[in-house]
Amino acid sequence: RAAAGAQREHISCIAVTCFQIGRWGCRALAQPHRFYLLQRVQDVFVKLSDEKQTEIGTLLEACGMKSLLGAVLSRGIARSENLEVWK
């Protein structure tokens, strides 16, 4: 049991995949890495000047991807010891 206030890792997966390495069968969780990348893109975007935000917004709109800027995750994702950790 974790101590009060201790950080806990949360495993969230969207799929399980099975594969064979030599004689050994393996099962692995597919982590939502795209959420981590989305958060990073949004974090960089908000730090840009208004002019740059307008430029990038126009580009994303032309590509049909402007909704990425408004997509919201229910929790943040950080890196800890080479793992993605949900906050």
Just jot down the side chain to side chain contact (heavy atoms under 4.5 Å, CB included) partners of [X], sequence neighbours excluded, or say none.
| X | result |
| --- | --- |
| S67 | none |
| R27 | V16, C18 |
| L60 | I56, M65, K66, L69 |

With sequence neighbours excluded, give me every salt bridge (charged side-chain N to carboxylate O under 4.0 Å, His left out) pair touching residues 35-45.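 Checked against salt bridge (charged side-chain N to carboxylate O under 4.0 Å, His left out) - neighbours excluded - no pair reaches residues 35-45.
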Could you note down all residue pairs passing salt bridge (charged side-chain N to carboxylate O under 4.0 Å, His left out) where residues 45-55 supplies at least one of them, sequence neighbours left out?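 For residues 45-55, and leaving out neighbouring residues, the salt bridge (charged side-chain N to carboxylate O under 4.0 Å, His left out) pairs sorted by first residue read K52-E55.
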When you group the ILVMFWY residues by side-chain heavy-atom contacts below 4.5 Å and let the links chain together, are L68 and L48 in the same group?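 Same hydrophobic cluster.
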Could you pull out all residues at least two apart from E61 that satisfy salt bridge (charged side-chain N to carboxylate O under 4.0 Å, His left out)?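 None.
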